[in-house]
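Worksheet: the structure to be examined is printed underneath.
None of the values given here were measured: they were computed from a predicted structure.
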Amino acid sequence: MRTVVHLLRHGEVHNPEKVLYGRLPGYQLSGLGQQMAKAVATALAERDITYLVSSPLERAQQTALPIAEQLGVPVALDANLIESGNYFEGMRVTAGDNALRDPRHWWVLRNPLKPSWGEPYRMVAARMILALNAAREHARGHEAVAVSHQLPIWTLRCTLEGRRLWHDPRRRQCGLASLTSFVFEDDQLAQITYSEPAAHLGPGTGLGA
């Protein structure tokens, strides 16, 4: 019996201040992000999706909404899908006004195995595995979509592919509105695939995402 769980990263977020927003409330999809969400819904229109679940953050729920409307499937919430908390939330970490260069913040960077956001990679992986298995059980024999965030999705993928969890964030294969799909044969993970159904709309930008 084949079951597929698509881990969907949300679309672009309206973030004119270019801060790392993490779990901060009030960060919603930009106009481009809404188009990305609709593009993903269109790409999934013919799939056998019977379960749709989202991180509780606004941007994730907004990304799930076009899929729910198109397929007539309600959006469940799973707190295990949430973004990791981050010490740098609300700060600018890009070039120029770069919080990472401020000596006052260096103490949180001392241990790469327990990153600056304070939640160790293995804890992120553990809760994402719970979310993945819950979605698989709900959609057994069909397909599920779970809307989450870049770091949790990438950490889950690295864990299940046996990669090291400490990594360069710039090398994550997890673009905005991308699908990382976990294919199960019965209870065994058989394949992980990756696609970007909204790539034609442009890369957009996103921090903490």
Side-chain angles (χ1 to χ4, degrees), residues 4-13 15 18 20-23 27 29-30 32-41 43-44 47 52-64 66-67 78 80-86 88-89 93-94 112 115-117 119-132 135-136 143-183 189 191-209:
V4 182
V5 180
H6 305 280
L7 266 291
L8 168 60
R9 184 188 173 191
H10 62 77
E12 184 191 71
V13 172
N15 181 19
K18 300 190 183 307
L20 186 75
Y21 40 79
R23 292 183 181 179
Y27 282 88
L29 295 184
S30 66
L32 176 58
Q34 293 175 18
Q35 293 180 49
M36 289 177 168
K38 291 176 181 177
V40 175
L44 294 174
R47 308 294 299 221
L52 176 60
V53 62
S54 172
S55 155
L57 294 176
E58 295 102 314
R59 59 192 184 269
Q61 294 187 60
Q62 285 182 305
T63 302
I67 301 172
D78 186 343
N80 283 323
L81 292 167
I82 199 168
E83 175 65 288
S84 295
N86 196 308
F88 292 101
E89 283 179 358
V93 294
T94 52
S116 59
W117 45 86
E119 184 180 11
Y121 287 120
R122 294 196 181 281
M123 290 182 64
V124 179
R127 62 178 170 82
M128 287 298 291
I129 288 172
L130 290 175
L132 177 68
R136 176 170 57 87
E143 300 185 27
V145 175
V147 188
S148 187
H149 310 269
Q150 185 189 64
L151 171 66
I153 294 172
W154 183 246
T155 302
L156 174 64
R157 179 175 173 181
C158 287
T159 299
L160 296 181
E161 290 183 338
R163 305 189 198 190
R164 72 178 188 186
L165 300 186
W166 182 81
H167 63 277
D168 182 342
R170 296 170 296 182
R171 297 184 180 275
R172 296 172 186 160
Q173 187 185 40
C174 192
L176 290 165
S178 62
L179 291 166
T180 303
S181 302
F182 299 81
V183 182
L189 180 63
Q191 186 181 18
I192 299 175
T193 64
Y194 177 80
S195 63
E196 296 186 355
H200 62 285
L201 296 172
T205 57
L207 292 171

Nearest 0.5 Å please: distance from the [atom1] atom of [X] over to the [atom2] atom of [Y].
| X | Y | atom1 | atom2 | answer |
| --- | --- | --- | --- | --- |
| M36 | Q62 | CE | CD | 13.5 Å |
| R47 | I67 | CZ | CD1 | 12.0 Å |
| M128 | S148 | CE | OG | 4.0 Å |
| L32 | L176 | CG | CG | 8.0 Å |
| E58 | H10 | CD | NE2 | 11.0 Å |

Quiz item: Okay, side chain of T155, backbone of A125: is any donor-acceptor separation there less than 3.5 Å?
Solution: no
Quiz item: Does a salt bridge link R23 with E83, judged by any charged N lying under 4.0 Å from a carboxylate O?
Solution: no
Quiz item: Do the rings of Y27 and Y21 sit parallel, tilted or perpendicular, given the 30° and 60° boundaries?
Solution: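 Y27 vs Y21 ring planes: parallel.
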Heavy-atom closest contact ([X] atom, [Y] atom, distance):
| X | Y | result |
| --- | --- | --- |
| V4 | S181 | CG1-CB, 4.2 Å |
| A135 | A144 | O-CB, 3.9 Å |
| I82 | R127 | O-NH1, 2.8 Å |
| P66 | A37 | CG-CB, 3.8 Å |
| L130 | N80 | CB-ND2, 3.9 Å |
| A131 | L81 | CB-CD2, 3.6 Å |

Quiz item: side-chain contact (heavy atoms from CB on, under 4.5 Å) between T63 and L8: does it pass, once the steps are laid out?
Solution: CA-CA 9 Å; T63 302; L8 168 60; 3.7 Å; yes
Close side-chain approach of [X] to [Y], heavy-atom, < 4.5 Å:
| X | Y | answer |
| --- | --- | --- |
| V145 | L7 | no |
| L151 | Y121 | yes |
| S178 | Y194 | yes |
| I192 | T180 | yes |
| L132 | L156 | yes |

Exercise. Run the numbers on S84 and E119 for side-chain hydrogen bond (donor to acceptor under 3.5 Å, both in side chains), then give the verdict.
Key: CA-CA 7 Å; S84 295; E119 184 180 11; 3.1 Å; yes
Check the side chains of [Y] and [X] for a donor-acceptor pair under 3.5 angstrom, ignoring hydrogens and angles.
| X | Y | answer |
| --- | --- | --- |
| H6 | E143 | yes |
| H149 | S55 | yes |
| S30 | E12 | yes |

Quiz item: So V183 and L189, side-chain contact (heavy atoms from CB on, under 4.5 Å) or not? Walk me through it.
Solution: CA-CA 6 Å; V183 182; L189 180 63; 5.7 Å; no
Practice problem: Please assess R157 against Q173 for the test side-chain contact (heavy atoms from CB on, under 4.5 Å), listing each intermediate value before the final yes or no. | Solution: CA-CA 10 Å; R157 179 175 173 181; Q173 187 185 40; 2.6 Å; yes
Quiz item: Taking only residues two or more places apart in sequence or in another chain, which ones pass side-chain hydrogen bond (donor to acceptor under 3.5 Å, both in side chains) with Q34?
Solution: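 Partners of Q34 by the side-chain hydrogen bond (donor to acceptor under 3.5 Å, both in side chains) criterion come out as none, since no residue qualifies.
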